[in-house]
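Beneath this line is the structure, given in structure tokens, with notes to follow.
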Amino acid sequence: MALHNLTLTQISQGLEAGDFTSVEITKHFLDRIKQLDQGENGINSFITVCEEQALADAKAADERRAAGNASKWTGVPFAHKDIFCTDGTLTTCGSKMLSNFIPPYDATVVENMKREGAVCLGKTNMDEFAMGSSNESSFYGAVKNPWNLETIPGGSSGGSAAAVAARLVPAATGTDTGGSIRQPSALCGLTGLKPTYGRCSRWGMIAYASSLDQAGPMARTAEDAAMMLNVMASFDSKDSTSIDQDVPDYTATLNDDLAGKVIGLPKEFFPESLDGEMKQTMLAAIEKFKELGCTVKEISLPSTDLAIPAYYVVAPAECSANLSRMDGVRFGYRCDDPKDVEDLYKRSRGEGFGDEVKRRIMIGTYALSTGFYDAYYVKAQKIRRLIKNDFVKAFAEVDFIMGPVTPSPAFKIGEKSGDPVEMYMEDKFTLSCNLAGLPGMSIPAGLINGLPVGLQIMGNYWSEASMLNAAHKFQQVTDFHNAAPQGI
Amino acid sequence: MEWEVVIGLEIHAQLATKSKIFSGSSTAFGAEPNTQASLVDLGLPGVLPVFNEEALRMAVKFGCAIDAEIGKVSVFDRKNYFYPDSPKGYQTTQLHHPIVGMGHIDITLDDGTTKRINVTRAHLEEDAGKSLHEDFHGMSGIDLNRAGTPLIEIVSEPEIRSAKEAVAYFKKMHSIVTYLGICDGDLSQGSMRCDCNVSLRPKGQEEFGTRTEIKNVNSFRFVEQAINVEIERQMDILEDGGSITQETRLFDPNKMETRSMRSKEVANDYRYFPCPDLLPVVIDDEYIQSVRDSLPELPDQKKQRLMDVNGLSEYDASVLSATREMADYFEAVAKACDDYKLAANWVMGELSAALNKNEVEIKNSPVKAEQLGAMIARIKDNTISSKGGKDVFAALWDEKGDDVDALIDSLGLKQVSDTGAIEAIVDEVIANNQAQVDQYVNAEPDKRGKMIGFFVGQVMKASKGAANPGMVNKVLKEKLDAKC
Amino acid sequence: MALDRSDVTNIADLARLAIAEDNIGQYQEELSSILALVEQMNAVNTDDVQPLAHPTDAVQRLRSDVVTEENHREKYMANAPAQESGLFLVPKVVE
């Protein structure tokens, strides 16, 4: 098998067995990136390729292996979403605002991967400041979906998704504030997991909406995602919202029996309006879980429809403050010849941010302003409580909640970019997880019109191991996750 | 028209923690610019705050000291505004759920009466950096060393009625936070700053007039001056039938005026909301009790004790307990000489006079408390006279020596207290002044007291001033009366 | 709530975003339609609901009061658009 078709787990085993070296496989992937990602017809999934550093790290990893103290990750190539601060390496967050920002420190997730000796090939493209569902809002241009270069890969972790789908890297980190891991994973045919809020440290992960943001793995298989979450997850005293809970070995329980597990199907995730083919694809996937011994129960999450409105208050409100530090004073873009401090702020921010970011900052600013705070912000926090309560009630009766990740497969580049509200609908099934802080994942569930769609698995707080177990068992009896885009 | 002045103060006190409120940077004053500004203090992308436990403890301490409600669940909010010394574009503070709720302190007015001023609240927040306006080619320089230094902002009710009361209130707060050891109280370094809200209303009117806020006043004297000139300014406008604009003003002590702050002209909307990077701070009764149990003696308590236990007058007790530095000095003197009254006399007399005359603060006094105490002990045990004490004090002040006993020796101030030696001199004086002795013996008994002065003078002269005057008096009286 | 042009310019001012005069209309339209979406929240009565600010019930952890940071001024200021003598430079600040 060609090296790039190996899964993360297989690469780890190959390195262990001495089938190839880290330098060899790193070069192989770097070459693919050059061939497939760059240039006018390239996928554009990378903002920065760290060729020199990656080769140096690969060499060091091979030496470490030779010295006998390699871990599973030593020498394994992967990529980071360009939202994670990397010491000495450009970190743009997909924005002109940070197009010259070289962080003087590593994010905790970055540190965790480094410690294991993993080899970061580069920083992947993303919607600007993680705001978007199509990866079209990036200052570095739209990313193309390897399954059909005219369609979007999803967002905001669209670069990570496209890179893994195109076999440019075996896995990549992502972040998910409203679906930014799950939706691109679904649209690119990957296995992606947004963990429980507080599982992965947010230190060094450039904040979009602090109470919703969470990092997670994007890989081809549940097994790979488990291997990656093992390292990404940690308790971090530098993050007040990090939860001090042991990180289990997520690979250890992948093969546990699913018999007796109860799957909840919320009727709100299967509305009348849901595309028939999408519904059939989901139900067929759920059938497989039944074959694995699960039972299915219809449930209701009555506040589901309120997730979009609540999210578009909470996230913009938090981002309006989080992005205030982008002011052209200490780092980042500064406008030419500011005439005074106000001019410096207004033009640096006006020129440095793209339209979607400006829209969300303005919505958030408005929602927090005098006279509107209660009607918008407090109201949204109350809806958030209702959404959480729905889940708490549901998880008293079921082990998993399943449904579609997206209403439809990937749409065409440019199709929805003119209408922000229509774009927001793309996340209708993913937002509630973030508002409740619950873990959610997307696994490949088949193709519609030749494009992948994902089944969403939601679990109770801290049930990542069970979710990965369910996903892995599903992947043992299905082949959707092995499908590759044509020509890849 | 007769006007009533309404004043409320907002005092910012820097907490004396070693590290910042949300980062591990040092809070030490005076470092090179931006050398104590960590990733968090600089507000770089991706950084997160973690709350300092000592800042919490200090704030709770303060709350206990002013008998306030303590917020068992307090919440940090973001106050959004753009300013170059505010690196994140918001200040982390507490709006709806402050750590300290309603409390109160008592201030002493000029006429000796006390007045209670209620404290609305005190909340934790982070300090900003500094803009340096020296000219860098028409630019300003930003130093973020101070950014993230923990502050408590203490907000009074608008119950203060004059500049003098305002100063008394500010001084009392200064005294409380320094007694508690939660703030170094150094006004010259900006450790405590005061915003003064001032308005006038016609006497008898219940409704408040429009107020102005004088920002960042940083000395007791300036608080009094700033408020007084602002009262005058407002009164002039109102008397002329004008109206006051609600605004932020700055006090200029050189021109003795307040002026509108241009940068704050645009009405801001701070858009407060709970900081999503910080979780609710939850404390229980046990925690609060343990802090309460650790409170040191506070100014009012000390004053009461000095009166009740140590027998000082109310005036002395209140002067000696007014500031932490004075109180600490005084207590050390009293401890060293084991006599509160004598210690009070010397600290309030000789020492205070010397400090005032030379414009020296008590913490820099060349006469250390232990030295003063040791010297007073020598007066008490009759080694030296009070007058000799003044000589020792002067020598200590001029730093002519460190050791009190050595100074007494070198200055030859030791009194003769040996009864035998004094009796010998007394006998000699009586023998040499027969005429005066006769007069004494023949005088009415109630006149004799005055006449003894002559003999004392002679004995002191004969002893070259070294004889213990009390003892001389006693021996003379015995011997003369024996002749009557 | 539909915004008018002055709402948009006020919000942009508060958020310190320079917006071209020509784009105000577009923002007005887009922001108004987002607010219309958001106002779907009003369909539910939430009078007795406690707001939820954080997804988890965790409380704030405390850091011990220890100085852990060293001086890395040069590295930390390397991204500064303008600096001199260890200070970030901005156009003159008027108080």
Side-chain angles (χ1 to χ4, degrees), chain B residues 17-20 22-28 31-42 44 50-56 73 75-76 80 82-85 89 131-133 135-144 250 261-264 266 268-269 271 273-274 276 278-282, chain C residues 1 3-4 6-19 31 34-35 38 41 46 49-95:
Chain B
T17 55
K18 295 185 195 76
S19 66
K20 293 188 177 174
F22 298 124
S23 84
S25 302
S26 168
T27 53
E32 283 292 299
N34 290 311
T35 55
Q36 288 174 180
S38 68
L39 299 166
V40 172
D41 309 322
L42 292 172
L44 289 191
V50 185
F51 183 37
N52 182 338
E53 65 176 359
E54 196 55 26
L56 172 66
V73 178
V75 175
F76 284 106
N80 292 285
F82 287 86
Y83 204 70
D85 63 17
S131 305
L132 305 173
H133 305 299
D135 203 11
F136 295 98
H137 336 287
M139 310 274 274
S140 290
I142 308 297
D143 172 12
L144 296 173
L250 214 53
M261 277 176 90
R262 277 208 282 158
S263 62
K264 307 267 177 180
V266 191
N268 214 334
D269 184 338
R271 291 160 283 132
F273 76 106
L278 290 160
L279 299 170
V281 179
V282 178
Chain C
M1 186 174 140
L3 302 177
D4 58 31
S6 72
D7 290 329
V8 174
T9 50
N10 285 341
I11 298 167
D13 274 348
L14 262 183
R16 301 298 190 276
L17 293 168
I19 285 180
L31 298 182
I34 296 170
L35 289 174
V38 158
M41 292 191 300
T46 51
V49 182
Q50 275 298 311
L52 179 80
H54 294 281
T56 53
D57 298 323
V59 300
Q60 182 60 40
R61 252 181 294 114
L62 301 174
R63 210 188 79 239
S64 28
D65 182 26
V66 179
V67 175
T68 52
E69 295 291 333
E70 292 164 6
N71 172 25
H72 296 292
R73 182 170 78 180
E74 204 175 322
K75 186 173 184 187
Y76 289 179
M77 289 184 73
N79 285 292
Q83 60 169 303
E84 192 176 311
S85 313
L87 296 160
F88 297 100
L89 293 190
V90 296
K92 197 133 196 86
V93 178
V94 187
E95 276 194 351

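Naming convention: chains lettered A, B, ... in sequence-line order (proteins, then strands); numbering from 1 in each chain.
- Ranked by heavy-atom pairs under 4.5 Å with chain B, the list C/Ala82, C/Ser85, C/Ser64, C/Pro51 is led by C/Ser64.
- Proximity to chain C is limited to the side chain of B/Leu42, based on heavy atoms less than 4.5 angstrom apart.
- In terms of heavy-atom pairs under 4.5 Å with chain C, the best-connected choice from B/Gln36, B/Lys20, B/Glu32 is B/Lys20.
- For B/Ser23, the part lying near chain C is the backbone, with the side chain staying farther off; criterion is any non-hydrogen pair under 4.5 Å.
- Contacts between B/Phe76 and chain C at a heavy-atom distance below 4.5 Å are absent for every atom of the residue.
- Between atom CD1 of residue B/Ile142 and atom CG of residue B/Asn34 there is a gap of 9.0 Å, rounded to the nearest 0.5 Å.
- With rounding to the nearest 0.5 angstrom, the OG atom of B/Ser26 is 12.0 Å from the CD atom of C/Glu70.
- Panel note: side chain B/Ser38, backbone C/Glu69; no donor-acceptor pair is recorded below 3.5 Å.
- Contact of C/His54 with chain B is made through the side chain alone, with heavy-atom distances under 4.5 Å.
- The structure places CD1 of C/Ile11 at 5.0 Å from CG of C/Leu3, a figure rounded to the nearest 0.5 Å.
- The choice from B/Val281, B/Asp143, B/Thr17 that makes the most heavy-atom pairs within less than 4.5 Å of chain C is B/Thr17.
- With 3.5 Å as the limit, one finds no donor-acceptor pair spanning the side chains of C/Thr68 and C/Arg63.
- Of the two parts of C/Ala80, neither the backbone nor the side chain holds a non-hydrogen atom closer than 4.5 Å to a non-hydrogen atom of chain B.
- Side-chain atoms of B/Asp41 and B/Phe22, non-hydrogen and from C-beta on, never get closer than 4.5 Å to each other.
- Heavy atoms of B/Pro33 lying under 4.5 Å from chain C belong to its backbone as well as its side chain.
- If you measure heavy-atom distances from C/Val66 to chain B, the contacts under 4.5 Å come from the backbone alone.
- Heavy-atom pairs under 4.5 Å with chain B peak, among C/Leu87, C/Asn71, C/Val67, C/Asp65, at C/Asp65.
- A donor-acceptor pair under 3.5 Å links the side-chain atoms of B/Asn80 to the main chain of B/Arg271, judged by distance alone.
- A 6.0 Å sphere centred on NZ of B/Lys18 holds no more than 12 heavy atoms belonging to other residues, nucleotides or ligands.
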